[in-house]
Amino acid sequence: MSTNAKREVVIIGGGFGGIKTAKMLAKADVNITLIDKTNHHLFQPLLYQVATAALSPGDIAVPIRAIFSKQKNVKVMLGEVVEVLEQQKVVRLKDDRLIPFDTLVVACGAKYNYFGNTAWEKHAPGLKTISNALNIRERILMSLEKADQIESAEERQKYLNFVVIGGGPTGVEMAGAIAEIAKRNMMRDYNNFSPDQTHVYLIEAGPRILNGYDETLSEKAVGMLQELGVEVLQNTPVTNIERDKIFLVGSVIESPNIIWAAGVVANAIIKTLDVETDRAGRAIVAPDMSLPRHRDIFVIGDAAHMLDDKGNPLPAIAPVAMQQGKYVASLLKDASKYNAAVREPFRYLDKGSMATIGRARAVADIRGFKVSGFFAWAMWSVIHILFLIGFRNRLHVFVEWMWHYFTYKRGVRLITDRPGDTIGHSELETNTFGRGA
Ligand SMILES: Cc1cc2nc3c(=O)[nH]c(=O)nc-3n(C[C@H](O)[C@H](O)[C@H](O)COP(=O)(O)OP(=O)(O)OC[C@H]3O[C@@H](n4cnc5c(N)ncnc54)[C@H](O)[C@@H]3O)c2cc1C
């Protein structure tokens, strides 16, 4: 970079970390290129509500260009980064374009970890993108339609089984929301089966769900899930997954609705960096979030491995990514702070964690203050509305939640024909629906 040229900052990823970094640089004298393989920022914490027909995709996704339409120092680029070439200071896109940088912020997130069992992915999709959520929604709705048309109780049963694997916050939220559908609010629309014939399983290999939370909150969460009718199986490792079948030690559950929410692994871009990684493939960054051997390259959010004050890895959650984005922007805004020799380390401020369970319950741990039930849910709702980007989205989500709260109805129960989606390949696919029913 010549002395009077503006610094070229390239950000990979328009998720929580990337968007925060770019926004915090609004007044900085830098040129920003924000590259994302999708054209939208996705509010992943509410994806499960799209998967369970409570919200529409447009409620939780915003075009990245719209976010920066008034920020003149940001250029938004649709493209998939496949490699970072540290020595040349360029990133390479899938179509071989090379984008040069002075400073690079890698905020490319993570993907689901199938722990080496790659074949399981097509039978048990994870929930990470809008396409995943719509496929899961379609499977759930198709199952209920199918069950409504099968006379034999034995043949019908598999369509009334729903399995969520992984007892972290995403799995807990997903299982609670499915139980709302399968045990309560949509049941009056079907005549051929009753709620007590539906089974929702939450399967966790470890000794308890919500492992990162205080033990009392894990127990409360189990109680709330059970009240909703979820069968919580802890200490239950999955041994195999085949089409419409999940194998546990000593038992098999048949279901076309198997959802994976068990652990994440870093994005493949991290493998192309000159850096050590942890077991989940995340970059082990220096205390200032940069690569120890390349101080102009920062990795933030789900892609980074950073320890807290007690020596535990920071969790893969949105506040971590956002605080790290804000921190990196603070360095870039002030040349005296940017110098690698004097950079202050990043410090995470833990404001607490929460998970919602069903229609109006949640568990929350706010700096040691533990709450559960309706009050925790109210807090969860306010916080999630506040963090959604865009006034229209906030208003719409608020209205949908109120509608759902008072009527118990889910508004987005559409089964759409979306050719090209590859996740679902079971009998429930749109084009095969009706076969053998
Ligand atoms: C279902 C679900 C529920 C969750 N619930 C919560 C919750 O309740 N609370 C909470 O705090 N956290 C929650 N999280 C975690 C939270 O969403 C993540 O920690 C957060 O999104 C991480 O931010 P990030 O910027 O690191 O990555 P992301 O937000 O994942 O953004 C990564 C971006 O990079 C882009 N990208 C990826 N690869 C490439 C590439 N090769 N080239 C170009 N662009 C690329 C992606 O398209 C994406 O836009 C949840 C996650 C999921 C999946």
Side-chain angles (χ1 to χ4, degrees), residues 1-41 63-65 67-109 266-277 282-283 285-286 288-304 321 324-341 343:
M1 191 180 83
S2 76
T3 42
N4 39 19
K6 282 191 187 176
R7 180 173 287 277
E8 295 293 332
V9 179
V10 170
I11 301 174
I12 307 174
F16 284 96
I19 295 283
K20 190 71 177 181
T21 312
K23 279 188 138 191
M24 295 308 292
L25 289 172
K27 295 200 177 119
D29 196 20
V30 295
N31 291 327
I32 303 163
T33 304
L34 196 159
I35 310 172
D36 200 295
K37 62 182 179 182
T38 73
N39 77 335
H40 52 267
H41 166 71
I64 297 172
R65 275 185 198 284
I67 298 173
F68 294 105
S69 60
K70 294 200 178 114
Q71 191 174 324
K72 295 297 167 221
N73 64 353
V74 177
K75 178 176 158 194
V76 176
M77 190 182 274
L78 182 66
E80 183 171 346
V81 176
V82 289
E83 189 181 12
V84 176
L85 302 160
E86 288 106 344
Q87 299 307 336
Q88 293 97 313
K89 287 202 148 187
V90 291
V91 299
R92 188 165 67 81
L93 304 189
K94 202 172 181 183
D95 58 11
D96 277 338
R97 271 181 295 165
L98 297 175
I99 314 295
F101 63 82
D102 297 313
T103 297
L104 177 67
V105 182
V106 183
C108 56
N267 190 296
I269 296 175
I270 302 302
K271 282 200 192 128
T272 75
L273 294 173
D274 172 27
V275 67
E276 274 73 52
T277 54
R282 295 179 299 180
V285 290
D288 62 356
M289 305 305 304
S290 71
L291 301 189
R293 291 186 285 277
H294 304 274
R295 309 307 295 274
D296 288 319
I297 300 179
F298 297 86
V299 181
I300 63 172
D302 284 6
Q324 290 173 341
K326 189 174 172 191
Y327 163 83
V328 171
S330 76
L331 300 179
L332 280 161
K333 277 195 280 194
D334 183 341
S336 67
K337 286 188 184 166
Y338 187 79
N339 181 345
R343 284 181 199 162

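- Using a 4.5 Å heavy-atom threshold, the side chains of Phe298 and Leu331 count as touching.
- Thr277 and Arg282 share no side-chain donor-acceptor pair at under 3.5 Å.
- When every heavy atom of Gly18 is checked against every heavy atom of Ala107, the shortest pair comes out as N-CB, 3.6 Å.
- Leu25 is listed as a side-chain neighbour of Lys333, based on a closest heavy-atom distance under 4.5 Å.
- Atom OG of Ser290 is separated from atom OH of Tyr338 by 8.5 Å, given to the nearest 0.5 angstrom.
- Contact check for Val9 versus Phe101: no side-chain heavy atoms found under the 4.5 Å cut-off.
- Met24 contributes atom CE, which lies 13.5 Å from atom CD1 of Ile19 (distance to the nearest 0.5 angstrom).
- Pairs engaging residues 72-81 under the side-chain hydrogen bond (donor to acceptor under 3.5 Å, both in side chains) rule: Gln71-Asn73 [sequence neighbours left out].
- The side-chain heavy atoms of Asn31 and Thr33, taken from C-beta on, include no pair separated by under 4.5 Å.
- Shown here are the salt bridge (charged side-chain N to carboxylate O under 4.0 Å, His left out) partners of Asp296, two or more places apart in sequence or in another chain: Lys89.
- The ring pair (Phe, Tyr, Trp, His ring centres under 6.0 Å) pairs that include a residue from residues 5-25 are Phe16-His41, Phe16-Phe43, where partners are two or more places apart or lie in different chains.
- With values rounded to the nearest 0.5 angstrom, Asn39 atom CG is found 6.5 Å from Leu78 atom CG.
- Val74 approaches Ala22 most closely through the heavy-atom pair CG2-CB, 4.5 Å.
- Atom OG1 of Thr21 is separated from atom CE of Met289 by 10.0 Å, given to the nearest 0.5 angstrom.
- Looking at residues two or more places apart in sequence or on another chain, you find a salt bridge (charged side-chain N to carboxylate O under 4.0 Å, His left out) between Arg343 and Asp288.
- Between Val91 and Leu104 the shortest side-chain heavy-atom distance falls below 4.5 Å.
- The line from CD1 of Ile11 to OG1 of Thr103 is 10.0 Å long, rounded to the nearest 0.5 Å.
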Assess whether side-chain contact (heavy atoms from CB on, under 4.5 Å) is satisfied between Glu83 and Leu93, documenting all intermediate values. CA-CA 7 Å; Glu83 189 181 12; Leu93 304 189; over 6 Å; no
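- A salt bridge (charged side-chain N to carboxylate O under 4.0 Å, His left out) check over residues 19-31, counting only residues at least two apart or in different chains, returns the pairs Lys6-Asp29.
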Just do the side-chain contact (heavy atoms from CB on, under 4.5 Å) check on Ile99 and Val90 with the steps written out, would you? CA-CA 5 Å; Ile99 314 295; Val90 291; over 6 Å; no
Ile297 vs Glu86, test: side-chain contact (heavy atoms from CB on, under 4.5 Å). Steps then yes/no. CA-CA 8 Å; Ile297 300 179; Glu86 288 106 344; 3.4 Å; yes
Donor-acceptor pairs under 3.5 angstrom involving side-chain atoms of residues 267-275: please list them, not counting sequence neighbours.
| unit_1 | atom_1 | unit_2 | atom_2 | d |
| --- | --- | --- | --- | --- |
| Asn267 | OD1 | Ile269 | N | 3.0 |
| Asn267 | ND2 | Cys108 | O | 3.1 |
| Thr272 | OG1 | Val84 | N | 3.2 |
| Thr272 | OG1 | Ile269 | O | 2.8 |
| Asp274 | OD1 | Arg293 | NE | 3.2 |
| Asp274 | OD1 | Arg293 | NH2 | 3.1 |
| Asp274 | OD2 | Arg293 | NE | 3.3 |
| Asp274 | OD2 | His294 | NE2 | 2.8 |

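- Atom NZ of Lys37 sits about 11.5 Å away from atom CD1 of Ile12, to the nearest 0.5 Å.
- In this structure, Gln324 and Gly301 approach most closely via the heavy-atom pair OE1-N, 2.7 Å.
- A heavy-atom distance below 4.5 Å is not found between the side chains of Ile300 and Tyr327.
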